[in-house]
Amino acid sequence: MEPSESTRPQPPAWTVVDFIHRGYWWRNRGILLLNICLILPLLTSAANGLDSSLVNALQILDAWQNFYGWPTGKILGLVNCAQNIGVIAGLPITPFASDNLGRRLTLIIGSGIMLGGVALQFLATSVGVFIAARIIIGFGLSFCLNAAPLLLIELCYPTQRGKITSLYNSTWYLGSIIAAWICFGTYFDQAHESTATWRIPTLAQAVAPLLQVCLVWFIPESPRYLVSKGYEGRAARVLRKYHANGSIENDPLVNFELAQIKHAIRTELDISKSTSFLSLFATPGNRKRMKIIIGIAVFSQWSGNGLVSYYINLVLNGVGITSTKSKAAINGGLQIFNLFVSISSSMLVDRVGRRPLFILSNSGMLIAFGLWTISEALFNTLHKTAAAQATIPLMFIYFLFYDIAYTPMLVTYTLEILPYNIRAKGFANFTVYLTLIFNQFANPVAIEALGWRYYLVYCGFLIVELVFVVSCIVETKGRTLEETAVLFDGEAVQNDLAATGGEAATVNMTGRGNLMTERSIQVMVAQEVHTSISTSHHSSNSSMSSVADAGKLEK
């Protein structure tokens with residue numbers, strides 16, 4: 001039995017779009033100050049890119065190889081995955097730090113630990129100490145990687161959330177570029193056997209955490225965190241200063257956002273008074289969220305990108321490129337290309353949408369990696385020089401498609417579909433690091449044993465990824481953070497949340513008609529027609545054609 005017209009959820013008369021700043025964002029002092037503040041948490045991803053790519057770049061330098069005895073196989077795999085071992089060690093702790101100590105303090109703790117690890121790495125005299133230092137760096141990084149994106153997505157201006165949070169993961173390549181080109185520069189500036197060739201690049205890892213320790217005091221705390229701890233007044237002041245350009249009181253946008261935040265957190269607390277990692281799978285909605293989050297986390301590492309991101313030296317050796325200068329130049333050029341593509345893609349997430357970008361990305365990766373595999377096979381079996389030459393452009397084409405979705409949206413999509421009470425825990429995704437460690441440890445062993453045939457494994461997995469993305473990815477553009485987070489909890493919950501924000505925003509407005517947009521007028525007319533039809537239905541059993549006409553107007 002279908003619900004009657006009177007019981008169906010009504011569309012909200014007001015949305016966040018009705019209250020946002022309409023001019024250029026840089027002319028709004030509050031938004032401008034906010035975006036300057038957000039540069040600091042953005043640095044965390046750049047630091048991650050630098051830390052993760054450093055060993056890949058150091059492997060190209062003869063001085064590093066000679067100092068540590070040319071590590072291979074399992075030792076090389078351990079060197080590469082040591083940082084992620086440290087990250088996994090911190091993952092059970094970091095969500096509780098973010099939720100109980102706050103996003104800012106957690107960021108400071110992580111940055112301090114990282115600085116200690118960088119100092120130990122710079123002074124390392126054996127491969128064992130080098131590995132231990134990277135584990136410490138990873139442990140500190142886990143605190144930053146949890147807190148910084150939460151701070152970012154929970155502070156962003158509503159209409160800029162998609163772009164700015166997509167830029168977060170894209171800046172990973174900024175750190176990767178720094179690692180690649182510092183190693184390239186020190187190779188020519190220092191005697192090739194000098195330890196300064198590889199020790200100097202390791203000091204670059206201290207820049208981002210040092211800036212965060214010193215400057216994090218000047219950026220605001222997450223208003224979502226403040227509301228969850230009962231500091232609603234402080235949360236309102238943060239929103240007024242940065243989202244409403246210093247408005248004193250009763251700003252419609254601030255009222256709208258604050259009402260939705262309070263409503264969402266209160267609703268989540270009614271469902272569950274306490275949260276643990278088991279809460280991630282406690283409800284049907286959460287299970288749907290985690291299926292998607294785990295899926296894209298695995299795909300971000302098992303799409304073949306790990307071959308180049310962590311073992312470019314072995315990949316280039318496999319097609320006959322052995323010159324250190326050539327390898328360093330290709331590595332540096334690839335990182336610049338990746339940064340350009342991922343930033344460009346970040347600007348499209350709200351215009352094109354998340355789902356189309358994921359489908360395009362996976363389709364392109366499958367085709368490009370298939371051709372890449374063929375070129376590797378032709379060079380290694382038939383010794384075709386042209387095939388080796390084709391490998392480099394195919395590598396760039398493959399990363400073009402990878403960067404369309406998995407670089408900008410891995411963090412963004414994960415965070416925006418998680419409700420506040422499980423956001424920190426859901427983002428502490430063990431899957432991405434477990435798959436990453438397996439990749440880093442298994443890839444050199446598998447390449448050594450199977451050669452180009454190992455690429456066939458990734459070709460098969462890319463087919464699985466495409467099917468999953470087409471079947472499971474849900475579009476999220478055009479919603480507030482709270483509205484996106486309840487997407488998997490049913491239509492009634494979504495409409496209730498939107499209506500709550502609208503009522504709070506308009507209750508103190510005096511010139512309501514002046515602020516009404518064409519869209520909201522249409523929706524309100526639709527509601528009136530909807531109500532009229534419902535009344536008529538109960539009194540005189542009106543025809544189905546009238547209901548259909550009302551449905552068209554409502555759309």
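Residue numbers run from 1 in the order of the sequence given.
Atoms CD and CD1, on Gln83 and Ile88 in that order, are 11.5 Å from each other to the nearest 0.5 Å. In this structure, CG in Leu50 is found 11.5 Å from OG1 in Thr171, a value given to the nearest 0.5 Å. With rounding to the nearest 0.5 Å, the separation of CG in Leu107 from OG1 in Thr44 is 5.0 Å. For the atom pair Met290 CE and Ile417 CD1, the distance stands at 8.5 Å (nearest 0.5 Å). Taking OG of Ser300 as the start and CE of Met409 as the end, the distance is 12.5 Å to the nearest 0.5 Å. Note that the NZ atom of Lys288 and the CG atom of Leu487 stand 11.0 Å from one another [nearest 0.5 Å].
Considering only heavy atoms from C-beta on, Ile261 comes within 4.5 Å of Glu482 through its side chain. Tyr413 has its side chain within reach of Ile473: a pair of non-hydrogen atoms, C-beta onward, lies under 4.5 Å apart. Side-chain contact between Asn338 and Gln335 is present, with heavy atoms from C-beta onward closer than 4.5 Å. You'll find the side chain of Ile137 reaches within 4.5 Å of the side chain of Gln205, heavy atoms only. Within the 4.5 Å cutoff, the side chain of Thr202 has no heavy atoms near those of the Val118 side chain. In this structure, Phe399 and Met365 have side chains that are not in contact, with every pair of non-hydrogen atoms separated by 4.5 Å or more. Contact annotation: the side chain of Leu155 never approaches that of Arg224 to less than 4.5 Å [non-hydrogen atoms, C-beta and beyond].
A salt bridge is defined here as a Lys NZ or Arg NE, NH1 or NH2 lying under 4.0 Å from an Asp or Glu carboxylate O, and Arg423 with Glu154 meets this definition. A salt bridge is absent between Glu221 and Arg103; no separation between the charged side-chain nitrogens and carboxylate oxygens falls under 4.0 Å. Taking 4.0 Å as the cut-off between side-chain N and carboxylate O, Glu416 and Arg354 count as a salt-bridged pair.
Applying the 6.0 Å contact sphere to CZ of Arg29 captures no more than 12 heavy atoms from other residues, nucleotides or ligands.
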Run the side-chain contact (heavy atoms from CB on, under 4.5 Å) check on Val227 and Tyr420 step by step: do they pass? CA-CA 11 Å; Val227 170; Tyr420 176 83; over 6 Å; no
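No side-chain donor-acceptor contact under 3.5 Å links Gln160 and Asp350. The closest side-chain donor-acceptor pair between Thr407 and Asn169, if any, does not fall under 3.5 angstrom. Remark: the Thr165 side chain and the Thr412 side chain contain an N/O donor-acceptor pair separated by less than 3.5 Å. Side chains of Tyr406 and Asn305: a donor-acceptor N/O pair is absent below 3.5 angstrom, by distance only. In the model, Ser346 has a side-chain atom that pairs as donor or acceptor with a side-chain atom of Ser170 under 3.5 Å.
Aromatic pair Phe299/Phe468: ring centres closer than 6.0 Å.
Both tests do not hold together for Arg355 against Phe358: distance to the six-membered ring centre under 6.0 Å, angle to the ring axis within 45°. Taking the ring centre of Phe281 as origin, the terminal cationic atom of Lys291 falls outside the region bounded by 6.0 Å and 45° from the ring axis.
Just one of Ile343, Val349, Val341 meets the side-chain contact (heavy atoms from CB on, under 4.5 Å) condition when paired with Ser345; it is Val341.
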